[in-house]
Amino acid sequence: MKVTRAAREDLEQWLQLAAEVEYLFGPMVDDPHFVEAVEKSIEMARAFCIREKDGDPGAPLLGGILFSSSNAPIYKIHWLSVSSHARQQGVGSAILEHILSLVKPPAEVFVTTFGEDIPDGQPARRLYQKFGFVPQDETVPNGPEGGSRQKFKLSIGS
């Protein structure tokens, strides 16, 4: 399972992955801002993915992440998703391990994920906590679908 930078040829597969999780994240596939964000992240080498069978660009995606280091030493995970048929297989862990290996300490990595009251968001919360992310008390607006959100922080080296 190889994490690689996403390529322009991956955009259609990226949108298919987004379509699977719109019920959790809100509308994305038909949102020009989301599509533009993915395109820009790909262009700026801030989008990473795992393709089925470690395939070539354009192959179906097992998972993907949009990650920003532009404000280093403050890093941000903007979006992480794993395909429904690839969950519980280490895809999310492999992606997080990869992007965290790109972080130069000392640093802080932030992500906003689902609140405790979102049952389908529990796997994401557990994944971040497994990697040492700590829930923050900071108030975060609900997601576009209306569900609660919570910010998490990982401190790396001090």
Side-chain angles (χ1 to χ4, degrees), residues 1-70 75-102 109-131 133 135-136 139-154:
M1 193 175 336
K2 183 174 77 178
V3 179
T4 186
R5 274 190 291 195
R8 272 181 266 147
E9 297 85 354
D10 292 315
L11 182 61
E12 187 58 40
Q13 295 301 322
W14 206 281
L15 295 177
Q16 286 187 24
L17 179 60
E20 283 188 41
V21 293
E22 282 188 317
Y23 77 101
L24 282 168
F25 288 96
M28 293 179 287
V29 175
D30 294 326
D31 179 350
H33 298 292
F34 177 78
V35 175
E36 183 182 319
V38 173
E39 289 173 332
K40 185 176 179 182
S41 292
I42 289 171
E43 202 174 286
M44 298 180 77
R46 297 188 317 207
F48 298 88
C49 62
I50 296 177
R51 299 183 189 103
E52 280 188 12
K53 300 176 186 163
D54 293 329
D56 292 328
L61 299 184
L62 297 178
I65 192 168
L66 303 179
F67 179 68
S68 176
S69 61
S70 59
Y75 297 80
K76 185 165 184 192
I77 296 169
H78 293 281
W79 191 80
L80 169 63
S81 184
V82 175
S83 177
S84 58
H85 71 276
R87 293 187 185 137
Q88 302 290 314
Q89 297 175 27
V91 172
S93 291
I95 289 171
L96 270 181
E97 283 174 18
H98 179 79
I99 61 114
L100 293 176
S101 76
L102 303 175
V109 183
F110 289 92
V111 63
T112 299
T113 192
F114 307 101
E116 287 185 48
D117 60 325
I118 309 292
D120 286 352
Q122 292 306 310
R125 291 176 62 85
R126 284 192 300 272
L127 175 67
Y128 292 122
Q129 289 174 313
K130 175 178 125 180
F131 277 83
F133 283 80
Q136 304 296 291
T139 303
V140 180
N142 285 353
E145 85 304 339
S148 70
R149 297 291 187 265
Q150 187 169 18
K151 187 178 265 189
F152 279 65
K153 177 174 89 170
L154 173 67

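Side chains are part of it too, since the values below use all heavy atoms of this structure and drop only hydrogens, waters and symmetry mates. Here the structure is a predicted model, which is why all the values come from computation and not from measurement.
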TODO: Could you tell me which non-hydrogen atom of Glu116 sits nearest to which non-hydrogen atom of Ser148, and how far apart they are?
DONE: N-OG, 4.5 Å
TODO: Using modelled atom types only, decide if a donor and an acceptor are shared between the side chain of Gln150 and the backbone of Pro135 within a distance under 3.5 Å.
DONE: no
Task: Close side-chain approach of Trp79 and Phe25, heavy atoms under 4.5 Å - done: yes
Open item on the list: Tell me the closest heavy-atom pair linking Glu39 and Leu11, and the distance in Å.
Closed with: OE2-CD2, 3.4 Å
- [ ] Grab the two heavy atoms, one from Gly63 and one from Ile95, that are nearest each other, plus how far apart they are.
- [x] C-CD1, 3.6 Å
- [ ] Compare all side-chain heavy atoms of His85 with those of Glu52 and state whether any distance is below 4.5 angstrom.
- [x] yes
Open item on the list: Do Met1 and Val91 make a side-chain contact, defined as non-hydrogen atoms from C-beta onward lying under 4.5 Å apart?
Closed with: yes
Open item on the list: Between Val111 and Leu80, is there a side-chain heavy-atom distance shorter than 4.5 Å?
Closed with: no
Open item on the list: Could you go through Phe133 and Thr113, starting from their C-alpha distance and side-chain angles, then the distance that decides it, and tell me whether this counts as side chain to side chain contact (heavy atoms under 4.5 Å, CB included)?
Closed with: CA-CA 11 Å; Phe133 283 80; Thr113 192; over 6 Å; no
Task: Minimum heavy-atom distance Ala47-Leu66, with the two atoms named - done: CB-CD2, 3.7 Å
Task: 4.5 Å side-chain heavy-atom contact, Pro57 and Arg51 - done: yes
Open item on the list: For a quick test of reading the model, state the closest non-hydrogen atom pair linking Phe114 to Gly121 and the distance between them.
Closed with: CD1-CA, 3.4 Å
Task: Arg87 CZ: over 12 foreign heavy atoms closer than 6.0 Å - done: yes
TODO: Answer yes or no: is there a side-chain heavy-atom contact under 4.5 Å between Arg46 and Ser70?
DONE: yes
Open item on the list: With heavy-atom distances below 4.5 Å as the criterion, would you say the side chains of Val38 and Asp10 are in contact?
Closed with: no
Task: Enclosure of Asp117 CG (heavy-atom neighbours >12, cutoff 6.0 Å) - done: yes
Task: Phe48 vs Leu102 side-chain heavy atoms within contact, under 4.5 Å - done: yes
Task: Side-chain donor or acceptor of Glu145 paired with backbone N/O of Tyr23 under 3.5 Å - done: no
TODO: Mind listing the closest non-hydrogen atom pair of Leu17 and Val82 along with its distance?
DONE: CD1-C, 3.9 Å
